[in-house]
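Predicted model only: the values in this text are computed from it and were never measured.
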Amino acid sequence: LKRDRASFLVSARRTWLDGVLWLGFLFADTDYAVGYNFYDLNVKVNWEAGERDQLFLSFYNGRDSHFGEWENAYNKKPDRTSFRWGNVSVAARWNHVFSSRLFSNVTLYYSRFNNNQCVTMFNTEADERDEARVNSHLEDATLKADFDWRLTDRHYLRFGGGVSRLHFLPEMSYLGSLQFKSRVRDSTAGAVSVVSLYAEDTWRVTRRLSVNAGLRLDAQFTEGKTYVCLQPRLSAAYMAGRGAMLKAAWARTQQPVHLLVNTSVGMNADLWVPATERVAPSCGDLWTAGVSCAWESGWEVSA
């Protein structure tokens, strides 16, 4: 776009597998056909707005689709199954250099995930065509600021904060008759707003010992209740000898979403649902300890 100042990158792809399958079933003259396709698109723009400022824009869109069709003996129209899922993501980031020791990144992004399933079949008992649909939807809009500050040669600080709004439509079910226009619909929706602050310090205590300590504070607002979550973390690494390092860490993590896994369907059935007044955010404590040894020959062993 401008020499040494601004540039862009665009890439796209799509599979040709569905075309090959379609030709195969066409020549085979069968009453059953399946297909699969996917595509994705990436767009990135970089701009050096000044000696201390850079802007980055990015866009992503991708979708997968799987379907099957087969003739039935009771109706001329084929029965059909269709599964589609995909993502859209848009992000803008501003990088600013305050000095040789301090810089920041301010990021605004939006992402959306969709999962749609549809089955259309002829109901021989009712002599009608029925349709069943399940849609899952998740949106995330976030504004955050992150700072990196090399305070001294021994202290490297990271701190920042952000606000997020997550909207969930974990399942929108529809069951109806295409002939008599009857339908049964069930919908569940929810949203979570999150305000976050965090800070951590990587401290080089001695030539052999380094320590990282941090704390994150999340305020999660759901319908009817507010959860305040403290998430501390602490880790240390010690150079025990030539090429040998000892490590230990502890961290507490929490998140305002839960994953519901359904293994009976076979594909595309996992749902993300928000924390609610009755279901608190999930919490986990992680302890780790390890040792690693590296040699000048290039070999490394860790446990």
Side-chain angles (χ1 to χ4, degrees), residues 4 44 46-58 91-109 111 140 142-164 194-220 227-257 281-303:
D4 299 328
K44 296 182 179 181
N46 303 329
W47 177 33
E48 285 195 22
E51 294 183 357
R52 296 178 177 269
D53 298 283
Q54 285 184 296
L55 297 177
F56 305 89
L57 302 176
S58 63
R93 179 166 62 93
W94 169 37
N95 174 265
H96 179 71
V97 178
F98 295 92
S99 67
S100 60
R101 291 183 175 270
L102 175 64
F103 68 89
S104 66
N105 283 291
V106 179
T107 307
L108 173 65
Y109 70 82
S111 65
D140 181 3
T142 296
L143 173 63
K144 64 175 185 173
D146 303 291
F147 296 84
D148 287 60
W149 186 14
R150 188 172 294 279
L151 185 60
T152 67
D153 293 338
R154 291 182 176 272
H155 290 275
Y156 184 48
L157 302 178
R158 293 185 178 94
F159 58 94
V163 293
S164 299
V194 182
V195 178
S196 303
L197 294 172
Y198 76 91
E200 70 174 20
D201 179 20
T202 300
W203 176 26
R204 187 181 177 187
V205 184
T206 66
R207 186 174 60 87
R208 292 180 176 270
L209 176 65
S210 62
V211 175
N212 178 277
L215 179 66
R216 181 182 180 92
L217 172 64
D218 282 349
Q220 303 168 0
Y227 296 97
V228 178
C229 305
L230 283 175
Q231 302 171 67
R233 62 202 64 186
L234 179 65
S235 64
Y238 179 73
M239 294 294 298
R242 187 175 181 182
M245 178 178 289
L246 303 176
K247 300 177 182 179
W250 166 72
R252 172 168 293 175
T253 58
Q254 290 178 293
Q255 65 180 29
V257 295
S282 55
C283 177
D285 285 280
L286 177 65
W287 292 267
T288 58
V291 58
S292 63
C293 298
W295 292 270
E296 294 180 355
S297 60
W299 288 94
E300 179 178 339
V301 177
S302 61

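- Listed here is the closest heavy atom pair of Pro281 and Cys229: CG-SG, 4.5 Å.
- Note that CZ of Phe103 is 13.5 Å distant from CG of Asp53, once rounded to the nearest 0.5 Å.
- Rounding to the nearest 0.5 Å gives a distance of 8.5 Å between CD of Glu300 and CH2 of Trp295.
- Smallest separation of non-hydrogen atoms from Leu230 and Arg252: O-CD, 3.9 Å.
- The shortest non-hydrogen separation linking Ser292 to Lys247 is OG-CE, 4.5 Å.
- Distance check: Glu200 CD to Leu215 CG gives 11.0 Å after rounding to the nearest 0.5 Å.
- Residues satisfying the side chain to side chain contact (heavy atoms under 4.5 Å, CB included) test with Met239, not counting sequence neighbours, are Arg208, Met245.
- The aromatic rings of Phe159 and Phe147 sit parallel, their planes meeting at an angle under 30°, below the 60° perpendicular limit.
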* Asked: Is there a side-chain contact (heavy atoms from CB on, under 4.5 Å) between Arg216 and Arg233 once you walk through the steps?
  -> CA-CA 8 Å; Arg216 181 182 180 92; Arg233 62 202 64 186; 3.9 Å; yes
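- Closest heavy-atom contact between Arg158 and Asp148: NE-OD2, 3.4 Å.
- Shown here for Leu234 and Ala213, the closest heavy-atom pair between the two residues is CD1-CB, 3.9 Å.
- Rounded to the nearest 0.5 angstrom, Tyr238 OH and Thr206 OG1 are separated by 7.0 Å.
- The aromatic rings of Phe98 and His96 sit perpendicular, their planes meeting at an angle over 60°, well past the 30° parallel limit.
- Asp285 contributes atom CG, which lies 10.5 Å from atom CD of Gln231 (distance to the nearest 0.5 angstrom).
- Shortest non-hydrogen contact noted between Arg154 and Val205 is NH1-O, 2.8 Å.
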* Show the numbers, then the answer: is there a side-chain contact (heavy atoms from CB on, under 4.5 Å) between Thr107 and Thr142? => CA-CA 8 Å; Thr107 307; Thr142 296; over 6 Å; no
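- With sequence neighbours left out, Leu108 forms a side chain to side chain contact (heavy atoms under 4.5 Å, CB included) with Leu143.
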* To do: Start with the C-alpha gap between Asp218 and Tyr227, add the side-chain angles, then the distance that decides, and say whether side chain to side chain donor-acceptor pair (under 3.5 Å) holds.
  => CA-CA 8 Å; Asp218 282 349; Tyr227 296 97; over 6 Å; no
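- Put simply, CD on Gln220 and OG on Ser164 are 10.0 Å apart, with the number rounded to the nearest 0.5 Å.
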